[in-house]
Amino acid sequence: MAQTANQNTVDNGLKNELMKKGIVIASLNDLYNWGRRSSIWPMQFGLACCAIEMIATACARYDIARFGAELFRPSPRQADMMIVSGTVTKKMAPQVVRLYNQMAEPKYVITMGACSIAGGPFIDGYNVLKGIDRYIPVDVHLPGCPPRPEALLYGLMELQKKIDSQEIETTEWYQKGMKREYPVPDFGPHGLIPKFNPEVWNPRQNDHRKERYGGPILIGKKTKAPDLEAVAAAPKPAAPAAPNPPNA
Ligand code: SF4
């Protein structure tokens, strides 16, 4: 018999024919994945404007409950999915990573909006992280500023497809020695320490922007970052002399 993508041993056509006669055949993988994908509990937290769209997705018009994903949990211990909905500032990033580490397996992440994917409109900001995927693994990237509720539902369906393709024998959370806790960065005087987690994300070795766009990208007149240490070490200007006291 033909094998399907998730290694079921029963042909889908045969399954459909049997189903018409009231006989349901399912593998353990089917049941396991069906249960997980139909009851994803998201974590209840939002970071900026994208969170409003996330909230709208849970309201009556879009009704995320149709996918069994309406139970937003206030505790990471009870959540399966983290929707990073909004701008991740460098001050907030350690908390996001800590919450991810506290979630139970199996756990998934959707980055919602340009901000959480790559910094969005704040990409040149000194205080905004250029993508939460530098610290935690992301399953679905959802572009937009903000993505509409339909887009979040689409992202959820893509995640369900991913869950459907997983197998109980090979899923990483049942493997020995699996490590899905990532170092929580420190918020130092010049940003996050370390700047990224090499287990999850590696910066590109080569800059291909010149080939793609025909020239280096310069934003404004700034061509290089200021040397903050030199600025701090520079001698401070002398304080102005105090004015003469008024005559008694
Ligand atoms: S992507 Fe746009 S809408 Fe979403 S948090 Fe960033 S600025 Fe706001």
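Atoms within a ligand are numbered from 1 in the order they appear, just like the ligands themselves. If you read the sequence from its start, that first residue is 1, and numbering goes on from there.
- Residue Gly86 approaches ligand 1 through these ligand atoms, each under 4.0 Å from one of its heavy atoms: 5 (S).
- Not one N or O on the side chain of Asp186 forms a donor-acceptor pair closer than 3.5 Å with the backbone of Gly188.
- In this structure, the protein non-hydrogen atom closest to atom 6 (Fe) of ligand 1 is Cys115 SG, 2.3 Å.
- Arg61 contributes no side-chain N or O that, together with a main-chain N or O of Thr57, makes up a donor-acceptor pair within less than 3.5 Å.
- A cation-pi arrangement is absent between Lys162 and Tyr108, since the terminal nitrogen or guanidinium carbon is not both under 6.0 Å from the aromatic centre and inside a 45° cone about the axis.
- Atoms of ligand 1 found under 4.0 Å from any heavy atom of Pro146, numbered from 1 in the order shown, are 3 (S).
- For atom 8 (Fe) of ligand 1, the nearest non-hydrogen atom of the protein is Cys49 SG, 2.2 Å.
- Atom 2 (Fe) of ligand 1 has an N, O or S atom of Cys145 under 2.8 Å away, backbone or side chain.
- In the vicinity of Gly144, heavy-atom distances shorter than 4.0 Å reach the ligand 1 atoms 1 (S).
- Heavy-atom contacts of Ala48 reach the following atoms of ligand 1: 5 (S) (cutoff under 4.0 Å).
- Ion pair Glu53/Arg148 not flagged as a salt bridge, since none of the NZ, NE, NH1 or NH2 atoms sits closer than 4.0 Å to an Asp/Glu carboxylate oxygen.
- The atoms of ligand 1 that sit less than 4.0 Å from any heavy atom of Thr87 are 5 (S), 6 (Fe).
- A salt bridge does not link Asp124 to Lys130: none of the charged nitrogens lies less than 4.0 Å from a carboxylate oxygen.
- Given atom 4 (Fe) of ligand 1, the protein heavy atom at minimum distance is Cys50 SG, 2.3 Å.
- Contacts between Ser85 and ligand 1, counted as non-hydrogen atom pairs separated by less than 4.0 Å, are absent for every part of the residue.
- When the heavy-atom distances from atom 1 (S) of ligand 1 to Ala114, Gly120, Gly119 are ranked, the shortest goes to Ala114.
- Relative to the ring axis of Tyr32, Arg36 places its NZ or CZ within 45° and under 6.0 Å from the centre.
- Annotation for Trp173: atom CH2 counts as buried by contact number, over 12 foreign heavy atoms lying within 6.0 Å.
- Using a 3.5 Å distance cut-off with no hydrogens or angles, the side chains of Gln160 and Arg37 do not pair a donor with an acceptor.
- For the ligand labelled ligand 1, residue Ser116 lies outside the 4.0 Å heavy-atom shell.
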